[in-house]
Visitor: 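Here's a structure for you.
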Amino acid sequence: MKLSKRWLTTLLALTPAPALAQGVVVAPHAVFIDHATRSGAINLYNPGQDPVEVSVSFGFGYPTTDSAGTIKVEVADSAPAGEPGNTGWLQAFPRRVTVGRQQRQTIRILATPPAGLPDGEYWGRVIIGASGGKVPVAGIPDSSDISVALTLEVRTVISVTYRKGVLTTGVTLAPLSAALETDSVAVRVPMTRTGNAAYLGTVRAEVVDSRGKVVGQAERYVGVYHVLDPKILVPVDTLPPGTYTVRVDISTDRTDLPPRSAIPASPVRDSVQFTVR
């Protein structure tokens, strides 16, 4: 006999493109819809040998940071009061579909915004749930009559942005901070968005010694919707005692997004020193 199926759900946020949802490749990982076309598309591809059932729904969320500087996205069913959410007027066609082995499927996202929508940017998240195939459960006594497996459902969450009118963006920086943590320099980069649209950019940080030699560098994509204070870890070798400078450069250079998705803004640069004793 077969035991009842159990479901395991995993939420993947901030996934790089192309995202992978239980054997289904999802691209792009950010959808942008303008007021003229009012539509967008998500492309699915199943490279596996088993069919995968896919469902599409919507939620609201954007990147925030906790006290440790970890970036996270918490997705809610709808936008809180005062937030520019779009989830109430987005539809997916089809909402449910089975993608056969080595097959492709396009999901259309249609927007029907309310009349008189003010100019600006409106945010949401597309949730792609994909299930198919089973993972055997270990530790069950051998029996020719009993088998146990988990049916997996993986949810990939990508952003969907609706844009209307003239949009501007930028970031201002609060004072940077830096400290040595084992084999990395931890740099906190507190940013506040300006303008009426999210700032989609890249933070680049480099550690320079007293002679001007670069001893470590790192970069990270960021999306600043209101405020963001991420911790950027810059890998370094053993640093001898001395004073070091961290130089930070923030720009709207995002090679992972579709062309012209990031709204241009002037680069922002700053630096901070720290001492190794």
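Everything numeric in this text was worked out from a predicted model, so none of it was measured.
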Visitor: Do Asn196 side-chain atoms and Gly120 backbone N/O form a donor-acceptor pair below 3.5 Å?
Guide: no
Visitor: Does the side chain of Thr106 come within less than 4.5 Å of Arg108's, by heavy atoms?
Guide: yes
Visitor: For Tyr45, does the six-membered ring have the charged nitrogen or CZ of Arg104 within the cation-pi criterion, i.e. under 6.0 angstrom from the centroid and within 45° of the normal?
Guide: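 Positive - Arg104 is close enough to the ring of Tyr45 and near enough to its axis.
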Visitor: Please step through side-chain contact (heavy atoms from CB on, under 4.5 Å) for the pair Arg96 and Glu53, ending with a clear verdict.
Guide: CA-CA 7 Å; Arg96 294 183 178 275; Glu53 298 177 2; over 6 Å; no
Visitor: Just wondering, more than 12 heavy atoms not from Asp77 lying within 6.0 Å of its CG?
Guide: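 No, not enclosed.
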Visitor: Among all residues two or more places apart in sequence or in another chain, which pass the side-chain hydrogen bond (donor to acceptor under 3.5 Å, both in side chains) test with Trp89?
Guide: none
Visitor: Can you tell me if Ser184 uses its side chain to pair, donor with acceptor, with the backbone of Glu181 under 3.5 Å?
Guide: no
Visitor: If only atom types and distance count, is the side chain of Asn46 paired as donor or acceptor with the main-chain N or O of Val99 below 3.5 Å?
Guide: yes
Visitor: Is there side-chain contact between Ser210 and Thr243, with heavy atoms separated by less than 4.5 Å?
Guide: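 No, side chains not in contact.
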Visitor: Would a 4.5 Å heavy-atom cut-off, applied to side chains only, mark Val234 and Val246 as touching?
Guide: no
Visitor: Answer whether the closest heavy-atom distance between the side chains of Lys164 and Leu117 falls below 4.5 Å.
Guide: yes
Visitor: Tell me, please, which residues at least two apart from Gln105 pass side-chain hydrogen bond (donor to acceptor under 3.5 Å, both in side chains).
Guide: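 Gln105: no side-chain hydrogen bond (donor to acceptor under 3.5 Å, both in side chains) contacts found.
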Visitor: Can you name the salt bridge (charged side-chain N to carboxylate O under 4.0 Å, His left out) partners of Glu74, sequence neighbours left out?
Guide: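 In terms of salt bridge (charged side-chain N to carboxylate O under 4.0 Å, His left out), with neighbours along the sequence ignored, Glu74 is linked to Lys72.
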Visitor: What's the spacing between Ile250 CD1 and Thr202 OG1 if we round to 0.5 Å?
Guide: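 These two atoms lie 10.0 Å from each other.
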Visitor: If we only count heavy atoms from C-beta on, is the Tyr122 to Pro84 side-chain gap below 4.5 Å?
Guide: yes
Visitor: Taking the six-membered ring for Trp, are Trp123 and Tyr225 parallel (under 30°), tilted (30 to 60°) or perpendicular (over 60°)?
Guide: perpendicular
Visitor: Out of curiosity, Ser251 OG to Arg204 CZ, how far, rounded to the nearest 0.5 Å?
Guide: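 Those atoms lie 4.5 Å apart.
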Visitor: To the closest 0.5 Å, what do you measure between OG1 (Thr65) and CG (Asp229)?
Guide: 5.0 Å
Visitor: Would you confirm whether Asp209, through its side chain, and Tyr244, through its main-chain N or O, come within 3.5 Å as a donor-acceptor pair?
Guide: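 Side chain of Asp209 to backbone of Tyr244, a donor-acceptor pair under 3.5 Å: no, none is there.
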Visitor: Any side-chain heavy atom of Thr169 within less than 4.5 Å of one from Thr194?
Guide: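 A side-chain contact is absent here, since even the closest heavy-atom pair is not under 4.5 Å.
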